[in-house]
Amino acid sequence: MSTPEAAPSLDFIRERITADLAAGKNGGKVITRFPPEPNGYLHIGHAKSICLNFGIARQFKGVCHLRFDDTNPTREDVEYVNSIQEDVRWLGFDWADKKFYASDYFEKLYQFAVELIKRGKAFVCDLTPEEMIQYRGAPSVPGKESPYRNRPIAENLDLFQRMRNGEFADGSRTLRAKIDINSPNIHMRDPAIYRIRKAEHHRTGNQWCIYPMYDFAHCLSDMIEGITHSICTLEFEVHRPLYDWILDVLETPCHPQQIEFARLNLNYTVMSKRKLLELVQENRVTGWDDPRMPTVAGMRRRGYTPESIREFADRVGVAKRENIIDLALLEYCVREDLNKRSLRAMGVLRPIKVILDNYPEGQVEELEAINNPEDPAAGTRKVPFSKELYIDQEDFRENPPPKYFRLTPGGEVRLRYAYIIKCVQVVKNAQGDVVELHCTIDPGSKSGGPTSNRKIKGTIHWVSASHSIPAEVRLYDRLFTVEDPGREQEGVDWKSNINPHSLEVLTQCRLEPSLTKATAGERYQFERQGYFCVDARDSAPGKLVFNRTVTLRDTWAKIEGKSQG
RNA sequence: UGCCGAAUGGUGUAACGGUAGCACAACAGACUCUGGAUCUGUUUGUCAUGGUUCGAAUCCAUGUUCGGCAGCCA
């Protein structure tokens, strides 16, 4: 017997699509599209949109097109076309043979513009850009009709053809829709739909010197592809009347429904392509794929999994209200995923030497360690143990605060998978820094041994000094020190909030020898510390570089942070 | 002050006139050879004021606050 279950709640877009389907619209088909402009790398906000559009297509047994919205040759580039495809694929989505470019439609778009002119709904305007701004008015200021607005159709046709022929200079003329110069919606005040740009396009070369504007190209591209639901972000809401107007006037055979949702914002980072580009160009980061960037490429390099990003996109939901998502949710999603799948290893980031006084010189034991306690199938491995070890500086305190469960002078601690040791002597250098610890082991306390069940509060990780391998480890922190760095404030450069400690490079790290074979992109949990990923760009055999994806949840840091006020 | 939107705990998001729920965060505890994971529990919310109704987060009115729009960008 099944108990009555509440239907899984749908977001407002899926709700609407469900209703359309129920009403028999679009012949029962669902076709969406992800339409990036190739003028930058994709970021986590795009990932949300990708998951939405491709996810809806998958869910409703439809398809999602990948369409490059490349109508502005001055800012677009093939580098971006390539990175976008790589990122969408990496995220786990497939556009099959549905890859398109708005530039594929330039000729069709031109013909639609001619048709608009023939229907008396567009005109060639000779106003300069400055004049056009003036004539357009402002939100509360009525517009003024262009003196060229009532040119005869034949003259418009001739002029538009000559615009295409390259007879006029950049910026000297535009083709404008003839709608209503006094519309309360500024986008309806006879918007420009074609401009002259004698620029080389990354795909059409010098074939064109006039290019359609977004508002004209987008709705018609959607229409040409038979898109049923054209999902975009909130700032296009005021464009929808224009979207609909163009398709209505042209009496097109299909009329996609534009639906707007609120874009994703994440705290402690910026999400505008312009700002991200600025960080790249000013070398505030090492590139679009810098692991601190909220770009898909950066997150990939940092060690995020596609699964975790998809899970995140699911959890943030889809709605129309402005939002700023807590970075903690993203981090929760990666930890959740990585905890289940990643192999454990021991690595000492800031080494301090430990000498076991009562352990035989030259003896080496191979101790068994569990590869992943969450997955018994991952098996075990051997870790060498010897008289000289390294432990992390953080795991020893000469003057321990209350509740400190690690190594202290005269205190005991468990070495993971090995023995319980006691610190008997602290060696310092001339500056008073602790450089070496002498300890003794409890021989019976070896994991599995007779006294191994002794209750010891703390367990720490370690590596054998002579067996361990060197590595560089890069620790990342949030790129900005304030929650909403993108918010423009008068007289304040948004870049003044960049976190000067967003990157810390550790070069003295020592890792357990099993990591020798770690290859680019592989992810591990360094026990008690976090998840780390072999850097795909800078790591090499014998010269390992790891990126810290995210720390483990750190209850101790919280306790200590609180007691320090 | 024109037009278009949106307001539910700290952050997101459900509830579609009938018990305000879920997740993250926070807090407390259990367990632990990772201060991880896991488990248990706790705190915190319907923008305001009216109205309709047996009953309102939901419907209506007014107001408030926040966001978007004045590129020949997308």
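Note that these values count all heavy atoms, side chains included, but never hydrogens, waters or copies made by symmetry. Residue numbering restarts at 1 for every chain, and letters A, B, ... go by the order of the sequence lines. Keep in mind that this is a model prediction, so the values were computed, not measured.
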Counting any heavy atom closer than 4.0 Å, what does [X] reach on the DNA or RNA strands: base, sugar-phosphate only, or nothing?
X        : answer
A:Val316 : sugar-phosphate
A:Arg176 : nothing
A:Thr71  : sugar-phosphate
A:Val141 : nothing
A:Pro142 : nothing
A:Glu260 : nothing
A:Phe261 : nothing
A:Leu329 : sugar-phosphate
A:Gln525 : base
A:Gly530 : nothing
A:Phe236 : base
A:Ala319 : sugar-phosphate
A:Ile324 : sugar-phosphate
A:Gly449 : nothing

Nearest-Å distance for atom pair [atom1]/[atom2], residues [X] and [N]:
X        : N     : atom1 : atom2 : value
A:Asn72  : B:G71 : CG    : P     : 15 Å
A:Lys455 : B:U32 : NZ    : C1'   : 8 Å
A:Asp190 : B:G71 : CG    : C1'   : 16 Å
A:Glu527 : B:U34 : CD    : P     : 8 Å

Among [options], the one nearest [X] by side-chain distance:
X        : options             : result
A:Ala138 : B:U11, B:A70, B:G35 : B:A70
A:Ile559 : B:C3, B:C73, B:G35  : B:G35
A:Arg75  : B:A14, B:A74, B:C66 : B:A74
A:Val238 : B:G68, B:U34, B:G2  : B:G68
A:Glu237 : B:A25, B:C4, B:G35  : B:C4
A:Glu322 : B:G67, B:G2, B:C72  : B:G67
A:Asn323 : B:A74, B:G12, B:C69 : B:G12

Using atom [atom1] of each nucleotide, how far apart are [N] and [M] to the nearest Å?
N     : M     : atom1 : answer
B:C47 : B:U64 : C1'   : 7 Å
B:A20 : B:G63 : C1'   : 25 Å
B:C31 : B:G67 : P     : 50 Å
B:A30 : B:A48 : P     : 40 Å
B:U58 : B:C72 : P     : 42 Å
B:U52 : B:U40 : P     : 46 Å

Any side-chain N or O of [X] below 4.0 angstrom from OP1/OP2 of [N]?
X        : N     : answer
A:Arg274 : B:C73 : no
A:Lys320 : B:A7  : no
A:Arg263 : B:G67 : no
A:Lys562 : B:C27 : yes
A:Arg315 : B:U11 : no
A:Arg414 : B:U32 : no

Quiz question: going by heavy-atom distance under 3.5 Å, is there a donor-acceptor pair between the base of B:U34 and the side chain of A:Arg344?
yes
hbond_proxy A:Glu37 side chain to B:C73 base (donor-acceptor, 3.5 Å cutoff)
no
Salt bridge check: are A:Asp190 and A:Arg149 linked by an N-O gap of less than 4.0 Å?
yes
Can you tell whether the side chains of A:Glu37 and A:Arg75 come within less than 4.0 Å, N to carboxylate O?
yes
Pairing residues for A:Glu512 by the side-chain hydrogen bond (donor to acceptor under 3.5 Å, both in side chains) criterion, not counting sequence neighbours:
A:Arg381, A:Ser514
Looking at residues at least two apart in the chain, or sitting in another chain, which of them share a side-chain hydrogen bond (donor to acceptor under 3.5 Å, both in side chains) with A:Asp180?
none
With sequence neighbours left out, which residue pairs that include part of residues 193-202 of chain A fulfil the salt bridge (Lys or Arg N to Asp or Glu O under 4.0 Å) condition?
none
Quick note, salt bridge (Lys or Arg N to Asp or Glu O under 4.0 Å) partners involving residues 129-143 of chain A, not counting sequence neighbours, are none
For [X] against [Y], the heavy-atom pair lying closest together:
X        : Y        : result
A:Met163 : A:Cys209 : O-SG, 3.4 Å
A:Ala102 : A:Asp70  : N-OD1, 3.3 Å
A:Asn323 : A:Leu264 : OD1-CA, 4.0 Å

Check: A:Phe532 ring centre within less than 6.0 Å of A:Tyr524 ring centre
no
So that I know where these two stand, are A:Phe526 and A:Tyr531 an aromatic pair - ring centroids less than 6.0 Å apart?
no
Using a cut-off of 4.0 Å between protein heavy atoms and nucleotide atoms, how would you tag nucleotides 37-46 of chain B 5' to 3' with B, S and -?
S---------
Contiguous pairing runs of three or more, Watson-Crick or G-U under 3.5 Å, that involve RNA chain B
B:2-7 with B:64-69, B:10-13 with B:21-24, B:26-30 with B:38-42, B:47-51 with B:59-63
Quick test of the criterion, 5.5 Å between centres and less than 30° between planes. Is A:Tyr214 stacked on B:A74 or not?
no
Kindly indicate, with the supporting measurements, whether the criterion ring pair (Phe, Tyr, Trp, His ring centres under 6.0 Å) is fulfilled by A:Phe216 and A:Tyr194.
CA-CA 8 Å; A:Phe216 189 70; A:Tyr194 263 90; 5.7 Å; yes
For A:Lys320, is the NZ atom crowded, meaning more than 12 foreign heavy atoms sit under 6.0 Å from it?
yes
If you find the nucleotide of RNA chain B closest to A:Tyr531 and the one closest to A:Arg197, which residue's nucleotide is nearer the 5' end?
A:Tyr531
Nearest-nucleotide wise, let me know which of A:Asp11 and A:Cys125 is further upstream toward the 5' end of RNA chain B.
A:Asp11
